[in-house]
Engineer: 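This structure is in structure tokens; I'll ask about it shortly.
For clarity, every value in this text was computed on a predicted model and none was experimentally measured. Proteins come first, then strands; the chains are lettered A, B, ... in the order of their sequence lines, and each starts at number 1.
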Protein chains: 2
Amino acid sequence: MTRVLVVDDEPQLIRALVINLKARKYEVDAAQDGAGALRLAAARPPDVVVLDLGLPDMDGADVIRGLRGWTRVPIIVLSARHSSDEKVQALDAGADDYVTKPFGMDELLARLRAAVRRAEPVTGPGEGAVVATDTFTVDLAAKKVRRDEADVRLTPTEWHLLEVLVRNRGRLVGQTQLLQEVWGPAYRTETNYLRVYMAQLRRKLEADPSRPRHFVTEPGMGYRFEP
Amino acid sequence: MTRVLVVDDEPQLIRALVINLKARKYEVDAAQDGAGALRLAAARPPDVVVLDLGLPDMDGADVIRGLRGWTRVPIIVLSARHSSDEKVQALDAGADDYVTKPFGMDELLARLRAAVRRAEPVTGPGEGAVVATDTFTVDLAAKKVRRDEADVRLTPTEWHLLEVLVRNRGRLVGQTQLLQEVWGPAYRTETNYLRVYMAQLRRKLEADPSRPRHFVTEPGMGYRFEP
DNA sequence: GTCAATCTTGGCGCCATCTTGACGGCCGGG
DNA sequence: CCCGGCCGTCAAGATGGCGCCAAGATTGAC
């Protein structure tokens with residue numbers, strides 16, 4: 001699911017955006033000032049940022065630069081100022097788009113889709129998204145798993161689970177987190193599913209499924225993927 | 001040097017843009033209608049396109065789609081229409097930005113810089129526009145499919161679908177993405193269409209349509225084109 | 001106005017996938 | 001030593017996605 005970070009100091013506008021975005025199946029985080037936005041963006045990296053320039057605590061351009069220091073996430077700027085100067089400043093600071101208030105929700109959503117669309121392939125046709133072990137390789141962009149020179153067929157659930165583990169490679173991923181990301185918040189206690197699907201993954205990918213070397217169980221806590 | 005393709009039917013506006021762009025060390029090509037724009041874009045692939053929607057010979061969205069068929073070059077749309085609908089249509093057709101006339105030259109240049117900047121790391125215009133398999137070849141630029149020494153006739157929808165798949169060759173394309181790109185954002189759940197049109201493509205292009213080797217179904221996730 | 005091509009819509013059967021429950025082994029604590 | 005929690009394994013029933021077919025709508029050409 002695409003995650004949007006909304007930054008604005010007007011609770012009303014935040015409310016309106018959150019409602020509209022959630023109705024369209026976006027995951028939404030919200031912050032009311034620049035410092036909070038930067039903190040939230042680091043904690044839960046968004047796929048696109050909607051940023052109001054008129055924040056109480058920081059200059060808008062500084063927020064943009066704060067993000068651009070470590071991420072290429074698309075930034076759509078909102079502002080009440082029509083001044084050409086302000087637009088140029090924001091865009092040159094690293095923003096991707098500039099929308100003046102008041103704006104049509106349809107238009108903002110369309111610009112948001114455009115921003116997400118063109119950002120997608122940045123991770124895509126490139127390279128680096130391939131993780132390898134001694135027995136198999138995972139291509140996150142192409143959604144492909146190869147083992148012994150042949151493609152391995154994974155079901156959607158299997159793939160989703162593998163994806164979460166690989167994205168956190170080397171780190172322990174808690175059972176709750178796995179269940180929540182793959183099956184949704186309502187399944188946080190169904191540890192049964194994890195057992196069944198971890199077994200599937202191991203059977204399809206491990207050299208010796210009964211003695212897993214890459215999908216490690218951490219009893220009582222969760223699972224870890226070791227490249 | 002960055003090459004800009006300017007498309008507009010007003011010679012005055014073209015003159016103004018050409019002067020401003022050349023002064024800033026851009027290389028500039030210009031076309032006065034949609035057909036000329038598509039021809040020129042194919043002959044001398046630009047790094048960014050500035051496109052007026054009010055062209056005499058073609059609908060603006062069709063020009064966008066004509067470009068998007070084979071290239072991901074950033075497209076900045078100019079238009080006198082402020083209608084929200086028109087903006088949404090252009091953006092969803094594949095445009096990256098939408099500027100309403102009259103506009104400040106500073107702003108346009110800033111948006112142009114932003115578009116070029118974020119497109120930078122993407123693969124240059126050297127992508128092969130012809131993709132071949134053992135039974136047929138697809139020429140994205142010429143919009144032609146050859147099989148057994150003869151051209152294959154495809155309907156517009158079939159083309160569009162094939163186009164999206166081929167552009168993402170080797171990678172899995174989600175059902176939602178396919179539906180959204182081919183039929184529009186409102187059809188993201190009509191998986192019926194996919195089944196029908198994938199069957200059409202397979203019937204026309206696969207050696208054995210009932211056992212597809214190039215248009216692979218990934219149940220529950222999407223489809224993949226394998227060259 | 002007629003006709004053909006294309007797009008939309010619905011239904012049906014099959015099969016992979018998901019869900020769910022049960023069982024046994026391992027391990028640490030009482 | 002026994003017991004309870006946790007994990008791995010297996011299998012059967014429920015579910016839902018997919019391919020396929022075919023009949024209306026719709027569009028566009030003549």
Engineer: Which parts of residues 151-165 of chain A get close to DNA chain C, meaning a heavy atom less than 4.0 angstrom away?
Structural biologist: R153(A), T155(A), P156(A), T157(A)

Engineer: Look at W183(A) and dC18(C) and indicate whether a side-chain polar atom (N or O) is within less than 4.0 Å of OP1 or OP2.
Structural biologist: no

Engineer: Could you give the CG-to-C1' distance, from N192(B) to dC20(D), as a whole number of Å?
Structural biologist: 12 Å

Engineer: Using 4.0 Å as the upper bound for N to carboxylate O, is an ion pair formed by R211(B) and E206(B)?
Structural biologist: no

Engineer: Check nucleotides 11-18 of chain D against the protein and report each pair of N or O atoms closer than 3.5 Å, with its distance, or say if there are none.
Structural biologist:
residue, atom, partner, partner atom, Å
dC18(D), OP1, Q175(B), NE2, 2.9
dC18(D), OP1, G220(B), N, 2.8
dC18(D), OP2, Q175(B), NE2, 3.3

Engineer: For the pair E158(A) and R153(A), find out whether any cationic side-chain nitrogen is under 4.0 Å from an anionic carboxylate oxygen.
Structural biologist: no

Engineer: For Y193(B) and dC21(D), give me the distance from atom OH to atom P, rounded to whole Å.
Structural biologist: 20 Å

Engineer: Please tell me if Y197(A) has a side-chain N or O lying less than 4.0 Å from either OP1 or OP2 of dC18(C).
Structural biologist: yes

Engineer: Which part of the nucleic acid, if any, lies within reach of A199(A) when heavy atoms closer than 4.0 Å are counted: base, sugar-phosphate only, or nothing?
Structural biologist: sugar-phosphate

Engineer: Under a 3.5 Å distance rule, please check whether R169(B) uses its side chain to pair with a backbone N or O of V166(B) as donor and acceptor.
Structural biologist: yes

Engineer: Go through the structure and list residues passing side chain to side chain donor-acceptor pair (under 3.5 Å) with D151(A), not counting sequence neighbours.
Structural biologist: R146(A)

Engineer: Counting only N and O atoms by type, is there a donor-acceptor contact under 3.5 Å from the side chain of R167(B) to the main-chain atoms of R68(B)?
Structural biologist: yes

